[in-house]
Amino acid sequence: MLRIAAAVEALSLLVLLTNLATVHLDGVASLTGPIHGCAYLFVIIAAFRLPGLSRAARLSSLVPGIGGLLVLRGSP
Amino acid sequence: MWHFSHCRAARKAPTVVAVTKLLLAVHVLAAIIAIGPITVAASMFPAVMRRALADPPDPQAASWARLLHRICRVYAAVGVAVPVFGIATASSLGVLTDAWLLTSMALTAAAALLLILAVLPRQQALTEALAESTTPAGVTAAGSTTPAGAATRAGSAAPVETTAPAAPGAPLGRAIPRLAMFTGLFNLLWAIVTVLMIVRPGSTTGA
């Protein structure tokens, strides 16, 4: 669950930034935006509900874009 | 330059409409899939808990209660998608500051807080208390062992023992109606939000 959300979080941000830097299509931005927002919130919820995580790992989920990956790296 | 941007704006419109429809579809789908199970499971929870605490306790009710609580918890997390895609849809439609929508968002926030702060913690407390009161004891006959142990710690073992089996159920029994009330309030808030989303009083974007 956290693994998927973390991947979606990072990937969707990459898509958003690539879109912003290149073609800048409104459709891509307004579709990927909510997906990224959802993934970001899922990662935070998962990080705070998952047992056995350190306080630092939980708080690192708040970092935008790569929070999920940071949690995965910090979790045993 | 003016011509170029003008053309782009004219070409952009169909994509934006399609994206808006997609966002709305995801929003409605998420609402049905996530909030539906929560309302059903949360409504069933108090009744199942009552059966688990009944005088001859229903042996299956405890695991049912755990399952219902898990459904509520997991789908509450999935439900995060509903407001996120709802706000995206509203912003795409340009109705983000309409009165009916602001009212809906306030009611949704109230429902979410009710679920997170009142319904889910009470469900969890009841499930844990039930697990504690049933784990050391096998069935009804052994039910007196837990309160007797608690009574020995309190210092008055013998006189309490005769009335002991009712002791763990009583505080839990009082917590159930309160949980049922909060659950009903949560369901009512959701029903109001759903009706607001359909009726949209004062909206000019069509039925």
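Order of the sequence lines fixes the chain letters, A, B, ..., with proteins taken first and strands second; residue numbering starts at 1 for each chain.
Pairs passing the salt bridge (charged side-chain N to carboxylate O under 4.0 Å, His left out) check and including a residue from residues 56-78 of chain B, sequence neighbours excluded, read B:Arg51-B:Asp58.
Interface check for chain B: of the options A:Ala46, A:Ser30, A:Gly37, A:Ala39, the most heavy-atom pairs under 4.5 Å are formed by A:Ser30.
Contact annotation for residues 105-112 of chain B against chain A (heavy-atom separation below 4.5 Å): no residues qualify.
The neighbour count for B:Gln60 CD, taken as heavy atoms of other residues, nucleotides or ligands under 6.0 Å away, does not exceed 12. Counting non-hydrogen atoms of other residues, nucleotides and ligands closer than 6.0 Å to CD1 of A:Ile4 gives a total of 12 or fewer. Applying the 6.0 Å contact sphere to OH of B:Tyr75 captures no more than 12 heavy atoms from other residues, nucleotides or ligands.
A search for side-chain contact (heavy atoms from CB on, under 4.5 Å) contacts involving A:Arg58 returns A:Phe48, A:Leu53, not counting sequence neighbours. Evaluation of the side-chain contact (heavy atoms from CB on, under 4.5 Å) rule for A:Leu41 yields B:Val80, B:Val84 as partners, not counting sequence neighbours.
Annotation for A:Cys38 and B:Ala81: closest pair SG-CA, 3.4 Å, computed over non-hydrogen atoms.
If you take OG1 on B:Thr20 and CG on A:Leu31, they are separated by 10.0 Å, rounding to the nearest 0.5 Å.
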